[in-house]
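In what follows, a structure is listed as structure tokens, so that the remarks can point back to it.
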Amino acid sequence: MNIKEIEKKWQDYWLKNKSFEAFNNSEKEKYYILVEFPYPSGSGLHVGHVKSYTALDSMARVKRMLGYNVLFPMGWDAFGAPAEQYAIQNKIHPKKAVEENIQTFKKQIQSLGISFDWSREFSTTDPEYYKWTQWQFLKFYEQGMAYKAEKEINWCPRCKTGLSNEDAEGGVCERCGEKVTKKLKEQWILRMSAYADELIDGLKDTEFIDRVKTAQINWIGRSEGAEVDFKLENTEDVLKVFTTRPDTLYGVTFMVMSPEHEFLKKYEDRIKNLEEVKKYQEYAASKTEIERTDLTKEKTGVKLDGLRAINPVNNESIEIWISDYVLANYGTGAIMAVPAHDDRDYEFAKKFNINIIPVIAKITGTPQDNEKYKESIVAVLHNPKTDKYLSINWHEKGGNLFIGGTKQENEDNISCAVREIEEETGYTNVKYISETFPINHHYYAYNKNQAYEIMATGLLFELVDESKNEPNLDEDEKDNFTVEWKTKEEIESLVKDELHKTVFENLLSPSAFVEDGKMINSNHLNGMTDIKESIQKMIEHLETIGAGKKMVTYRLQDWIFSRQRFWGEPIPMIYCEDCGWVPVPEEELPVLLPDIASYEPTDTGESPLANIEEWVNTPCPKCKKMARRETDTMPNWAGSSWYWLRYMDPNNDKEFVSKDALNYWKMVDYYNGGMEHATRHLLYARFWNQFLYNNGLVTYKEPFKKRVAHGMILGTNGEKMSKSKGNVINPDDMVNLYGADALRTYELFIGDYEKDAAWSENGLKGCKRFLDKVFRLKGKVTDENEYSKDLEILINQTIKKVTDDILTMNFNTAVSALMIMSNKFDEKENITKKDYVTLLHLLNPIAPHITEEINENLGNKALCETVWPTYDESKLQNDTVTMAVSINGKVRGTINVANDSADEEVLKIAKAEDNVKKHLENKEIIKEIVVKNRIVNIVVK
RNA sequence: GCCUCAGUGGCGGAAUUGGUAGACGCACAGGACUUAAAAUCCUGCGGGUGUAAAAGCCCGUACCGGUUCGACUCCGGUUUGAGGCACCA
């Protein structure tokens, strides 16, 4: 058997017979399976491609044999930087390089026997395709969804191009890794933020896997809150801020504006320390995104001298700072700072010594009815000489606590604590260090038969020296406690009381309190404990006094759609001195890329296209005066934002896709791609499609029904495959050594489709052995055209299992079921022709070449043209079943009983089993449970 | 820090969704065939205890606890790893 010849033979057969071409006007039910089309890079196909292509291929093959009209297309996403880079270096047209790469990819994919419909193949770089990408851009423009604006953009100094936020993740250029800087530039921008809510809502109409859905939702980053107006003192202006926590308005002690805030320019003359402010602005601008968002760096900022704001809820005058921890492009570019309840504000306030007002108290203990209210303190005394803490041990009456006491009238926290320390321990010379926010504690005093609610403050003191008076103890305190000095670790394990524990933790590591609690210091909100309610109440209040309203903000921003590159779709716009921006008339599309073999990037930040005068200069479509073309091109994501629509109708030169085709193919049923595209590509594509839908150009709002993501194939060492690590496996080599079928089988068998898995050539060899075994079984085949009696159940079970597993993407267990089946066949002297052909048929979607070949040798019609095997519901179970018998949940034996036996019958047989009998001796049976055909459990005492 | 997912033999991974944990494959060990090798076939393979060999018994699905006749599966807590987001107010 020559594997190479066989594989080639069937690959040619399928092409010649158009075995996998889909029909547009079919009576059959449709099924649309899509895998992300690749960027045809110079390094060729990756074994990861093989996994996802094979997986979806096996699904497509099953669906076809089940009678569906399956659309399973392939194409090329071929615009992009690497091809351009290559072209600049080698002075050839990127079209050439792209064509070569496509040929390599195509040959590689075809050598795997993937059943793509090649009659629908296209590349995003085909003028017949990008004509329609341009056409759709004009639709965005017509609807006001594309606009040009001068924006501070992410700029890669090495690639000399603007990048979208998505391309500049983490502050580095996605392509070259260079640090991204800022640059002001006129850019075409798509109004994607307008679709933020629709993009969240639309997920309801899809069956994406959860981690993809959450990735999308996180990316959009919807957050609800309020816009609050702070009057700018002595002006007519208001400083607007966005906050998700309007309930903490009484805790605002300062405001922060981003260094780019417009008021800084507007009120320049009022700012007395303008020089300092300007210096800070420069400092902030000079930093890259990555430096600026480095979480470990200390907070920096400058207080504005001469500009203050008014808190609308209490009319207090508040200082204003500028700091780079407030971002210009989120919310309103300014915040109200509540240091008590926000980590960043807390850090800032600590650094610059700004007042902190708590407005939410942590609740400890359980609130009860009829509580008495008191205010009290918990004092922690630290001895710096021994680094130990003073604890009061109440022994069985309460264990280890700290010094506690109730505040007397007109007494402040510190004097109360000092008094209590002296009374209980005698120490007189202590130094105040710090205190916690108030804590709302609830407890029940059994000796007084009374419930208490206390507002407690924890205070930290240091022992200055050992000077001491005689403690002054109450009757109930005498002899009941001892004073002990303990280390931090001892305290942490000894002190169990929730209040005292909380105090100790907060004193030793102070931080903002960001959890739920009880509102304090907040006027009409005082006493409330539900954050949502407090927020609601505050928003209503703000609306009443006209100082704010409910507001929603998104992390998602508009899509910067301009790239200063040559190898992309030209943006079909013309700039005329008189008419402004004029769209290229539809009948003049496509705006073709010039056919020149030499491009140099410009230093002005413009696309290399700007240097090609004969292309740039063109008459204005409106007034016919000479004008200039837009030289920016579209981003790489443009072509992939609608390609699945084109597969429905790839040769249409009148429309981008016909209504007929749309109505027939509907949504993509299964869309597979990598997790790395779960946010960006998927979001762009959904946005694009929703826009087309809202303008009546497509019939479904959501383009993809199901989105699945394959796991990666890692190197043998468990690391990501890369040339530098030298762990790259070339699929061509594997096809040469073991054949395409073995490679396909192995990649499906390797494990959970969605999980990453390490490559193992031994595993591949095992799959090769399995296929060889299937081939050898041919020697046992008889002429009989019925199932072997003793295999009938197994065969029916396997048909069901393999069908279900492939269609639900459990490929590994489908392969395993086929292995079990062939092992059973192998145990037998003979198998019938029908047994064998069924095995071949079930294996065909996974290993199509060898199964077709053997099947043909048996004199049968090609499997891909034959109907998929069906199973008989009544033949999925044997007449007898093996049931486990357990006693008190432990399995003590197994019994064979007739299928669906009556419970009494089963119990009788179970109790007669030797080992079971032994375990039942001298025991009383309490309960008997029989689960049909599965297990018997007898509970004994 | 927040969100999502996961943790099962030496390894990749099964487990009918609460019912005999470790299917299937790999690796390994022993054996058969062979002059030899490859290929193929047979046997064993979570740990412990036990036996001449079995049988049997105990432990075991990251850790602690709970629900249940019964938990890899459900609930609460802890921990480790992967991915996403991140000075987003």
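Only this structure's heavy atoms are used, side chains among them; waters, hydrogens and symmetry mates stay out. In what follows, chains are A, B, ... by sequence order, proteins preceding strands, each numbered from 1.
Here B/rG81 sits opposite B/rC5 as a Watson-Crick or G-U wobble pair (both hydrogen-bonding atom distances under 3.5 Å). Base pairing analysis places B/rU17 opposite nothing; no Watson-Crick or G-U wobble pair with both distances below 3.5 Å involves it. B/rC33 is unpaired under the criterion used here, namely a Watson-Crick or G-U wobble arrangement in which both key atom distances are under 3.5 Å. Here B/rG44 sits opposite B/rC28 as a Watson-Crick or G-U wobble pair (both hydrogen-bonding atom distances under 3.5 Å). Pairing of B/rG56, defined by two Watson-Crick or G-U wobble distances under 3.5 Å, is identified with B/rU49.
Nucleic acid contact class of A/D342 (heavy atoms, under 4.0 Å, all strands): none. Using a 4.0 Å heavy-atom criterion, one finds that A/V939 contacts the sugar-phosphate atoms exclusively. In this structure, A/R222 reaches neither bases nor backbone, as no heavy-atom distance under 4.0 Å exists between it and the strands shown. In this structure, A/H919 reaches the sugar-phosphate backbone alone: every heavy-atom distance under 4.0 Å involves primed, P, OP1 or OP2 atoms, never a base. A/D914 comes within 4.0 angstrom of nothing in the nucleic acid, heavy atoms only. At the heavy-atom level, A/D345 lies nowhere under 4.0 Å from the strands shown. Within the nucleic acid shown, A/G766 comes within 4.0 Å of sugar-phosphate atoms alone, with no base atom in reach, counting heavy atoms only. Among the atoms of the strands shown, only primed sugar atoms or phosphate atoms (P, OP1, OP2) are found under 4.0 Å from some heavy atom of A/K773. At the heavy-atom level, A/T813 lies under 4.0 Å from the strands shown only through sugar-phosphate atoms. Using a 4.0 Å heavy-atom criterion, one finds that A/T882 contacts the bases of the nucleic acid, with or without backbone contacts as well. Backbone-only engagement by A/R211 is indicated by non-hydrogen atom pairs under 4.0 Å involving sugar-phosphate atoms exclusively.
Between A/W637 and A/H681, the angle of the ring planes stays under 30°, which puts this pair in the parallel group of the 30/60° scheme. Between A/H261 and A/F263, the ring planes lie perpendicular to each other; the angle is over 60°, past the 30° to 60° tilted range. Note: A/Y325 and A/F348 have tilted aromatic rings, judged against thresholds of 30 and 60 degrees for the angle between ring planes.
Put simply, A/R776 has no side-chain N or O that comes within less than 4.0 Å of OP1 or OP2 on B/rA39. Distances shorter than 4.0 Å separate none of the side-chain N or O atoms of A/R769 from OP1 or OP2 on B/rC41.
Distances from the side chain of A/N915 to the nucleotides B/rA89, B/rC57, B/rC41 place B/rC57 closest. Checked against B/rA86, B/rC24, B/rA89, the side chain of A/F749 finds its nearest nucleotide in B/rC24. Distance from the side chain of A/T214 is smallest for B/rU4 among the nucleotides B/rU40, B/rU4, B/rC24. Closest contact between the side chain of A/R934 and the listed nucleotides B/rA89, B/rG19, B/rG56 involves B/rG19. The side chain of A/N812 has B/rG13 as its nearest neighbour among B/rG13, B/rC59, B/rG25. Minimum atom distance to the side chain of A/I929 is reached by B/rG19, of the listed B/rC24, B/rA89, B/rG19. For A/Y325, the listed nucleotide lying nearest its side chain is B/rC87; candidates were B/rU20, B/rC87, B/rA6.
Put simply, CG on A/N937 is 13 Å from C1' on B/rA71, counting in whole angstrom units. Between the CG atom of A/D324 and the P atom of B/rC87 there is a distance of 11 Å, given to the nearest Å.
A/K765 contributes no side-chain N or O that forms a donor-acceptor pair with the base of B/rC26 under 3.5 Å. On a pure distance criterion of 3.5 Å, no polar donor-acceptor pair joins the side chain of A/N762 and the base of B/rC26.
For the residue pair A/Y330/A/S258, the side-chain donor-acceptor check at 3.5 Å is not satisfied.
In this structure a side-chain-to-backbone donor-acceptor pair under 3.5 Å is present from A/K351 to A/K299.
Separating the C1' atom of B/rU68 from that of B/rC74 is a span of 10 Å, rounded to the nearest Å. Straight-line distance between the P atoms of B/rA54 and B/rU80: roughly 43 Å, to the nearest whole Å. Between B/rC64 and B/rU79, the distance separating the two P atoms is 15 Å to the nearest Å. The gap from the C1' atom of B/rA86 to that of B/rG65 amounts to 34 Å, rounded to the nearest Å.
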